[in-house]
Amino acid sequence: MIILKSKAEIEQMRRAGQIVAAFHQAIAPMIRPGISTMEIEQFAIKHLKDNHANAHTVGYNGYPYATCASVNDVIAHGFPSTKPLRQGDIVTIDIVAEADGWIGDSAWCYAVGEVSDEARTLMQVTKECLERGIAQAVVGNRIGDVMHAVQSHAEQHGYGVVRDLLGHGVGREMHEEPNYPHIGTPGKGFRLKEGMVMTIEPMINIGTARMTIDADGWTARTADGSLSAQYEHTIAITADGPIVLTAQ
Ligand code: MF3
Ligand code: CO
């Protein structure tokens with residue numbers, strides 16, 4: 001069942017979204033060669049606490065951390081690590097806050113120092129995939145319209161669009177119905193309605209779309225070892241157009 005949110009409820013969701021946005025704004029200048037993703041994790045825990053928010057991923061299906069830190073060929077759900085980030089790495093940091101009983105969910109990909117042109121272009125195109133998806137996230141469009149915009153932009157660059165991890169409805173729970181891959185055909189799929197709140201979170205690989213999961217049961221990697229990037233926002237569908245609740 002899709003749980004539609006009233007205007008008042010969408011207003012209530014803003015605080016969780018803004019806590020997540022402020023976290024990303026704060027870590028952007030911290031991500032340099034030498035910092036570890038465990039330090040980012042510690043910062044996240046403090047940031048959530050300071051803002052009277054809960055770290056929603058801790059204990060979620062047994063996930064142990066407040067952040068996911070996905071370096072280079074890791075697509076998503078990487079564990080924070082004490083290993084320092086190195087110049088040239090790219091790292092996606094994903095955080096889910098719960099505030100006032102509502103969830104905000106956003107991932108952002110960061111360059112560690114100077115990165116290769118290949119990595120920079122992947123990041124740029126993946127961010128554009130998110131933006132193009134958001135532009136289609138209007139009442140009356142179908143999910144196929146949104147995800148076609150995402151998929152076609154990535155594939156024009158020869159990239160693989162991950163199918164095995166999904167975008168999702170979000171509200172009082174992190175994962176609400178519906179859920180959907182970041183591929184689609186215009187005019188197909190469920191129709192977007194006023195009051196839906198959902199993520200768009202393309203995971204885009206330089207090479208194959210296929211992935212493997214590490215022995216830890218979480219870390220999703222590209223099957224061919226190619227780089228992967230992700231950007232994610234929590235978005236409310238309203239009569240006045242999409243509201244990006246996690247906008248920075
Ligand atoms: N942002 C992720 C998502 O879209 C968070 C899930 S990580 C988990 O589903 F560990 F909590 F599952
Ligand atoms: Co999500």
Side-chain angles (χ1 to χ4, degrees), residues 2-3 5 13 16-24 27 37-38 40-41 44-45 47-48 53-71 74-81 91-99 102-110 126-127 129-131 133-134 137 143 146-147 150 161-183 196-205 211-221 228-237 242-248:
I2 296 176
I3 304 170
K5 281 82 185 175
M13 289 188 74
Q18 281 170 9
I19 290 167
V20 161
F23 166 75
H24 280 297
I27 65 168
T37 51
M38 192 58 80
I40 305 293
E41 165 75 10
I45 290 168
H47 176 84
L48 293 171
N54 295 320
H56 191 71
T57 58
V58 176
Y60 185 89
N61 290 340
Y63 188 80
Y65 298 104
T67 58
C68 304
S70 302
V71 180
V74 178
I75 296 167
H77 306 161
F79 287 177
S81 156
V91 57
T92 297
I93 305 289
D94 193 351
I95 186 169
V96 184
E98 185 213 325
W102 296 97
I103 301 292
D105 183 0
S106 177
W108 212 252
C109 188
Y110 299 92
T126 305
K127 198 193 290 182
C129 287
L130 171 58
E131 289 162 357
I134 292 170
I143 194 68
V146 175
M147 294 312 175
V150 171
V161 181
V162 173
R163 271 87 161 145
D164 298 343
L165 300 170
L166 306 174
H168 50 93
V170 48
R172 293 195 178 275
E173 303 291 333
M174 170 167 65
H175 291 155
E176 294 184 0
E177 287 182 29
N179 52 62
Y180 36 80
H182 293 80
I183 56 172
M196 282 186 184
V197 181
M198 56 192 280
T199 68
I200 302 177
E201 49 178 308
M203 289 148 276
I204 307 296
N205 306 340
M211 65 179 220
T212 60
I213 306 278
D214 284 5
D216 63 21
W218 282 100
T219 308
R221 290 181 193 274
S228 184
Q230 183 186 22
Y231 295 85
E232 172 184 28
H233 272 314
T234 299
I235 296 142
I237 310 303
I243 299 174
V244 182
L245 293 170
T246 47
Q248 296 172 31

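When a ligand or atom number is given, it counts from 1 through the structure's own listing order. No experiment lies behind these values; they were computed from the predicted model shown.
Ordered by chain and number, Asp105 OD2, His168 NE2, Glu201 OE2, Glu232 OE2 make up the set of protein N, O or S atoms under 2.8 Å of the Co ion (ligand 2).
The closest donor-acceptor contact from the side chain of Lys5 to the backbone of Ala236 lies at 3.5 Å or more, if one exists at all. A side-chain donor-acceptor contact under 3.5 Å links Glu41 to the backbone of Ala66. The main-chain N or O of Trp218 is found under 3.5 Å from a side-chain atom of Asp216 such that the two form a donor-acceptor pair.
One side chain, Asp105 or His168, offers a donor N or O that lies under 3.5 Å from an acceptor on the other.
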Between ligand 1 and the protein, which N/O pairs are shorter than 3.5 Å?
{"from": "ligand 1", "atom 1": "1 (N)", "to": "Asp94", "atom 2": "OD1", "distance (Å)": "3.0"}
{"from": "ligand 1", "atom 1": "1 (N)", "to": "Asp94", "atom 2": "OD2", "distance (Å)": "2.6"}
{"from": "ligand 1", "atom 1": "1 (N)", "to": "Asp105", "atom 2": "OD1", "distance (Å)": "2.8"}
{"from": "ligand 1", "atom 1": "1 (N)", "to": "Asp105", "atom 2": "OD2", "distance (Å)": "3.2"}
{"from": "ligand 1", "atom 1": "1 (N)", "to": "Glu232", "atom 2": "OE1", "distance (Å)": "3.2"}
{"from": "ligand 1", "atom 1": "4 (O)", "to": "Asp105", "atom 2": "OD2", "distance (Å)": "3.3"}
{"from": "ligand 1", "atom 1": "4 (O)", "to": "His168", "atom 2": "NE2", "distance (Å)": "2.9"}
{"from": "ligand 1", "atom 1": "4 (O)", "to": "Glu201", "atom 2": "OE1", "distance (Å)": "3.0"}
{"from": "ligand 1", "atom 1": "4 (O)", "to": "Glu201", "atom 2": "OE2", "distance (Å)": "2.9"}
{"from": "ligand 1", "atom 1": "4 (O)", "to": "Glu232", "atom 2": "OE2", "distance (Å)": "3.3"}
{"from": "ligand 1", "atom 1": "9 (O)", "to": "His175", "atom 2": "NE2", "distance (Å)": "2.6"}

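The side chain to side chain contact (heavy atoms under 4.5 Å, CB included) with Gln230 is formed by just one residue from the set Thr92, Ile75, Asn205; it is Thr92. With respect to Pro181, the side chain to side chain contact (heavy atoms under 4.5 Å, CB included) criterion is satisfied by exactly one of Leu165, Val161, Leu166: Leu166.
Thr67 approaches Thr57 most closely through the heavy-atom pair N-OG1, 4.2 Å.
Using bins of under 30°, 30° to 60° and over 60° for the plane-to-plane angle, the ring pair His233/Trp108 lands in the tilted bin. Classified by interplanar angle (parallel below 30°, tilted 30° to 60°, perpendicular above 60°), the ring pair His175/Tyr60 is perpendicular.
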